[in-house]
K.L.:
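Structure in structure tokens, see below.
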Amino acid sequence: MSKATMRVYTSLLIPLDGSLCGEKAAQVGLSLAAQLDLQVRLLYVLDNDVQVEPGPAELVSALSLVREAARTRGQGILDRAVELAHRLGVEVKTRLESGWPEEVILQQAKDCDLVVMGTHGRGGLERCIMGSVAQAVIARSLKPVLVVNERYNPPPSPEENIFRRLLIATDGSEWSSRAVQHGVRLASSLGAEVSLLHVVELPHKLAGQKTVGLPEHELLGQGQAVLEEALKLAAETGLAAQPILMQGHPVESILQASQQHDLVVMGTRGRSGLDRLLLGSITERVARLSAKPVLVIPGGFTQGAS
């Protein structure tokens with residue numbers, strides 16, 4: 001099918017922060033935009049922008065200098081990304097905003113189809129705590145989020161088609177099926193190959209005890225059925241996918257299979273309240289650990305483009 005009939009995105013948002021993985025995310029996003037002819041918005045957020053309040057003249061002057069330096073740095077980061085965009089023939093718009101980064105990103109994403117961002121970037125303790133910007137965006141976004149880990153090594157030339165082989169993980173759930181549908185549409189628009197992965201986590205058997213749960217052959221049979229349903233979804237777009245059935249821990253298995261692919265596509269269930277703040281889901285863990293970009297499809301997402 002042509003790109004016109006399988007158009008998945010029309011616009012994307014790339015938040016920047018000046019970090020190495022932010023630069024990698026910009027390269028991924030702009031390369032994707034060049035390949036799919038997308039509109040791009042580059043965003044830099046002045047984190048808790050310094051407000052100059054009335055006070056002693058020396059303090060007001062110092063705060064003004066700090067604020068101006070931060071804005072100059074942000075504009076420089078945007079300008080460098082614009083240079084790369086022009087190299088790739090991509091027209092971009094830039095925004096320099098102030099506020100809490102995740103809130104600004106989510107607000108800006110409302111009229112975009114995809115967010116492309118690095119998984120880290122602010123450094124220090126924030127790399128380890130649950131409240132990192134990328135994790136907050138993943139948890140709350142109603143739009144797909146493509147996260148690029150700092151471990152990712154992009155192709156030497158940004159002009160290359162970066163996503164030739166897609167790995168779509170599925171567990172048979174409703175939100176997972178949405179990820180399959182979205183992933184195969186994206187693969188069709190990219191002219192990419194697709195592998196569909198289901199991981200069977202076999203029950204542990206302690207010495208001298210009986211195995212709890214379904215027997216192995218039934219679990220494997222259920223896994224095969226999940227893959228067959230996913231293959232049907234892929235076939236509806238005219239795409240012949242390669243099924244992969246693995247046994248083991250889901251996160252470890254997905255990471256292992258991803259080594260032979262360029263992009264991992266996964267769904268996440270729609271969540272609210274405290275669940276949005278808790279890490280530990282398979283999707284979130286893969287996004288944090290994967291050396292390959294991970295496209296996260298939120299549970300409440302419905303495809304608008306056609």
K.L.:
Kindly give the heavy-atom pair with the smallest separation between Val265 and Leu166, and that separation in Å.
P.N.:
CG2-CD2, 4.4 Å

K.L.:
After noting the C-alpha distance and the side-chain angles of Leu295 and Val147, does the key distance pass the side-chain contact (heavy atoms from CB on, under 4.5 Å) rule?
P.N.:
CA-CA 6 Å; Leu295 177 59; Val147 289; over 6 Å; no

K.L.:
If only atom types and distance count, is the side chain of Gln27 paired as donor or acceptor with the main-chain N or O of Pro155 below 3.5 Å?
P.N.:
yes

K.L.:
Does Ile105 reach the side chain of Val133, with side-chain heavy atoms less than 4.5 Å apart?
P.N.:
yes

K.L.:
What are the two closest non-hydrogen atoms of Leu42 and Val92, and how far apart are they?
P.N.:
CD1-CG2, 3.9 Å

K.L.:
Counting only N and O atoms by type, is there a donor-acceptor contact under 3.5 Å from the side chain of Ser189 to the main-chain atoms of Leu186?
P.N.:
yes

K.L.:
Within the 4.5 Å heavy-atom criterion, are Lys292 and His261 side-chain neighbours or not?
P.N.:
no

K.L.:
Could you go through Ile297 and Thr268, starting from their C-alpha distance and side-chain angles, then the distance that decides it, and tell me whether this counts as side-chain contact (heavy atoms from CB on, under 4.5 Å)?
P.N.:
CA-CA 6 Å; Ile297 313 300; Thr268 184; over 6 Å; no

K.L.:
Going by distance alone, is a donor N or O of one side chain under 3.5 Å from an acceptor N or O of the other, for Arg41 and Gln108?
P.N.:
yes

K.L.:
Do His182 and Pro144 have side chains that get closer than 4.5 Å, going by heavy atoms?
P.N.:
yes

K.L.:
Are there more than 12 heavy atoms of other residues, nucleotides or ligands under 6.0 Å from atom CD of Glu91?
P.N.:
no

K.L.:
Kindly give the heavy-atom pair with the smallest separation between Leu196 and Ala234, and that separation in Å.
P.N.:
CD1-CB, 4.4 Å

K.L.:
Any heavy-atom pair between the side chains of Leu146 and Pro293 that's under 4.5 Å?
P.N.:
yes

K.L.:
State, without any angle test, whether Ser177 and Glu174 hold a side-chain donor-acceptor pair at a distance under 3.5 Å.
P.N.:
no

K.L.:
Atom OG in Ser253, atom CG in Leu197: separation rounded to 0.5 Å?
P.N.:
7.0 Å

K.L.:
Between Arg87 and Glu83, is there a side-chain N and carboxylate O pair less than 4.0 Å apart?
P.N.:
no

K.L.:
Going through the distances and angles, do Ser281 and Glu284 end up as a side chain to side chain donor-acceptor pair (under 3.5 Å)?
P.N.:
CA-CA 5 Å; Ser281 76; Glu284 287 164 325; 3.0 Å; yes

K.L.:
Run the numbers on Leu263 and Leu167 for side-chain contact (heavy atoms from CB on, under 4.5 Å), then give the verdict.
P.N.:
CA-CA 6 Å; Leu263 175 69; Leu167 177 69; over 6 Å; no

K.L.:
Quick one: does Met246's side chain get under 4.5 Å of Ile244's, heavy atoms only?
P.N.:
yes

K.L.:
Mind checking the CD-CZ spacing from Glu68 to Arg73? Nearest 0.5 Å is all I need.
P.N.:
14.5 Å

K.L.:
Are any of the side-chain heavy atoms of Arg288 and Thr119 separated by less than 4.5 Å?
P.N.:
no

K.L.:
Flag the pair Leu32 / Phe163 as yes when at least one side-chain heavy-atom distance between them is below 4.5 Å, and no otherwise.
P.N.:
yes

K.L.:
Donor-acceptor check, side chain of Thr283 to backbone of Gly267, threshold 3.5 angstrom: yes or no?
P.N.:
yes

K.L.:
Would you compute the distance between atom CD of Glu97 and atom CD of Glu103 and round it to the nearest 0.5 angstrom?
P.N.:
13.5 Å

K.L.:
Could you check whether any side-chain N or O of Arg164 sits under 3.5 Å from a backbone N or O of Glu193, counting only pairs where one atom can act as donor and the other as acceptor?
P.N.:
no

K.L.:
CG/Asp171 to OG/Ser176 distance, rounded to the nearest 0.5 angstrom?
P.N.:
4.0 Å

K.L.:
Going only through I, L, V, M, F, W and Y residues with side-chain contacts under 4.5 Å, is there a path from Val226 to Ile254?
P.N.:
no

K.L.:
So how far is it from Arg140 CZ to Leu142 CG, rounded to the nearest 0.5 Å?
P.N.:
9.5 Å

K.L.:
Would you name the heavy atoms of Gly18 and Ile77 that are closest together and state the gap between them?
P.N.:
CA-CD1, 3.4 Å

K.L.:
Of all the heavy-atom pairs spanning Gln247 and Leu220, show the shortest one and how long it is.
P.N.:
NE2-CD2, 3.7 Å

K.L.:
Within the 3.5 Å criterion, strictly below it, is a donor on Asn149 or Ser290 matched to an acceptor on the partner's side chain?
P.N.:
no

K.L.:
Mind checking whether Leu20 and Val28 sit in one hydrophobic cluster, side chains of I, L, V, M, F, W, Y counted as touching below 4.5 Å?
P.N.:
no

K.L.:
Could you give me the CA-CA distance, side-chain angles and deciding distance for Leu289 and Leu255, then say whether side-chain contact (heavy atoms from CB on, under 4.5 Å) is met?
P.N.:
CA-CA 8 Å; Leu289 297 172; Leu255 292 175; 3.9 Å; yes

K.L.:
If you measure from the Lys or Arg side-chain nitrogens to the Asp or Glu carboxylate oxygens, is any gap between Glu252 and Arg285 under 4.0 Å?
P.N.:
no

K.L.:
Donor-acceptor pair, distance only, cut-off 3.5 Å: does the side chain of His198 make one with the backbone of Thr170?
P.N.:
yes

K.L.:
Can you check whether Lys110's main-chain N or O pairs, donor with acceptor, with Lys143's side chain at less than 3.5 Å?
P.N.:
yes

K.L.:
Return yes if some donor-acceptor pair links the side-chain N/O of Lys24 with the main-chain N/O of Gly118 below 3.5 Å, else return no.
P.N.:
no

K.L.:
Report yes if the side chains of Met266 and Val264 come closer than 4.5 Å at any heavy-atom pair, otherwise no.
P.N.:
yes

K.L.:
Between CD of Glu23 and CG of Leu84, what distance do you get to the nearest 0.5 Å?
P.N.:
10.0 Å

K.L.:
Looking only at non-hydrogen atoms, find the nearest pair between Val199 and Pro250 and report the distance.
P.N.:
CG1-CA, 3.8 Å

K.L.:
Could you tell me whether the side chain of Asp113 and the main chain of Leu12 form a donor-acceptor pair under 3.5 Å?
P.N.:
no

